[in-house]
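Just so you know, residue 1 is the first one in the sequence shown, and it goes up from there.
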Amino acid sequence: QVQLVEHGGGLVQAGDSLRLSCVASGRTFSSYAMGWVRQSPGKEHEFVATISWSGHSTYYADSVKGRFTISRDNAKKTVYLQMNSLNPEGTGVYYCAAYRGYRPALVRESYDYWGQGTQVTVSS
């Protein structure tokens with residue numbers, strides 16, 4: 001069992017940066033790959049980025065590649081999402097989620113555990 005709590009959302013202007021963090025509880029955090037998924041107003045859940053259990057492999061949606069960076073600290077049971085050059089299309093609720101597997105999890109159904117989400121609003 002893994003419980004996830006996201007932090008760091010807020011209201012920013014286009015071009016700003018924001019860092020999200022997700023703290024996990026449970027003894028098996030390091031055995032899970034992690035991902036960030038967002039849901040923008042009126043849209044389905046959208047994959048943003050994933051990171052392997054070791055942190056050695058990452059994968060990004062084309063829309064965020066080069067601007068967002070996912071990382072993790074297994075000793076702190078925390079995964080991060082550094083978001084740079086934000087634009088209004090980045091507005092939404094960002095969820096941290098965990099899954100077991102070696103491939104990037106690109107769809108909602110691939111994830112086993114979810115956080116409650118944190119709101120990010122980017123004004124133009």
Visitor: Hydrophobic clusters here meaning ILVMFWY residues chained together by side-chain heavy-atom distances under 4.5 Å, can you tell me if Tyr32 and Phe47 are in one?
Guide: no

Visitor: Does any non-hydrogen side-chain atom of Met34 lie less than 4.5 Å from one of Cys96?
Guide: yes

Visitor: To the closest 0.5 Å, what do you measure between OG1 (Thr78) and CG (Leu20)?
Guide: 12.5 Å

Visitor: Using 0.5 Å steps for rounding, measure from the OG atom of Ser40 to the CD atom of Glu89.
Guide: 9.0 Å

Visitor: Do Trp114 and Phe29 sit in the same hydrophobic cluster, where Ile, Leu, Val, Met, Phe, Trp and Tyr count as joined when their side-chain heavy atoms come under 4.5 Å apart?
Guide: no

Visitor: Donor-acceptor pairs are to be reported for all side-chain atoms of residues 116-124 against protein atoms at under 3.5 Å, with residues two or more places apart or in another chain.
Guide:
from, atom 1, to, atom 2, distance (Å)
Gln116, NE2, Glu6, OE1, 3.4
Thr118, OG1, Gly9, N, 3.2
Gln119, NE2, Gly92, O, 3.4
Gln119, NE2, Thr121, OG1, 3.3
Ser123, OG, Val12, O, 3.3

Visitor: Any idea how Tyr95 and His45 line up, ring-wise: parallel (<30°), tilted (30 to 60°), or perpendicular (>60°)?
Guide: tilted

Visitor: Measure the spacing between OG1 of Thr69 and CE of Met83 and express it to the nearest 0.5 Å.
Guide: 11.0 Å

Visitor: Can you tell me which residue among Val23, Ile70, Asp73 is in a side-chain contact (heavy atoms from CB on, under 4.5 Å) with Val79?
Guide: Ile70

Visitor: Once rounded to the nearest 0.5 Å, what's the spacing between atom OH of Tyr99 and atom CH2 of Trp53?
Guide: 13.0 Å

Visitor: Take atom CZ in Arg103; do more than 12 heavy atoms of anything else shown fall under 6.0 Å from it?
Guide: no

Visitor: Could you measure the distance from the OG atom of Ser85 to the CZ atom of Arg67? Nearest 0.5 Å is fine.
Guide: 6.5 Å

Visitor: I'd like to check Trp36 versus Cys22 (side-chain heavy atoms, cut-off strictly below 4.5 Å). Are they in contact?
Guide: yes

Visitor: What closest approach, in Å, do Ser63 and Arg38 show between heavy atoms, and which atom pair accounts for it?
Guide: OG-NH2, 3.7 Å

Visitor: Side chains of Ile51 and Tyr80: closer than 4.5 Å at any heavy-atom pair?
Guide: no

Visitor: Scan Phe68, Tyr60, Tyr59 and name whichever one has a side-chain contact (heavy atoms from CB on, under 4.5 Å) with Val48.
Guide: Phe68

Visitor: Do Tyr94 and Leu4 belong to the same hydrophobic cluster, where Ile, Leu, Val, Met, Phe, Trp and Tyr are linked whenever their side-chain heavy atoms lie under 4.5 Å apart, directly or via other members?
Guide: yes

Visitor: Are Val37 and Val64 connected, step by step, through hydrophobic side chains (Ile, Leu, Val, Met, Phe, Trp, Tyr) whose heavy atoms are closer than 4.5 Å?
Guide: no

Visitor: Give a yes or no on whether the backbone of Pro104 and the side-chain of Thr50 come within a donor-acceptor separation of less than 3.5 Å.
Guide: no

Visitor: Could you please spell out the steps behind the side-chain contact (heavy atoms from CB on, under 4.5 Å) verdict for Gln82 and Ser17?
Guide: CA-CA 7 Å; Gln82 176 67 44; Ser17 297; 3.9 Å; yes

Visitor: Could you measure the distance from the OG1 atom of Thr58 to the CZ atom of Arg72? Nearest 0.5 Å is fine.
Guide: 12.0 Å

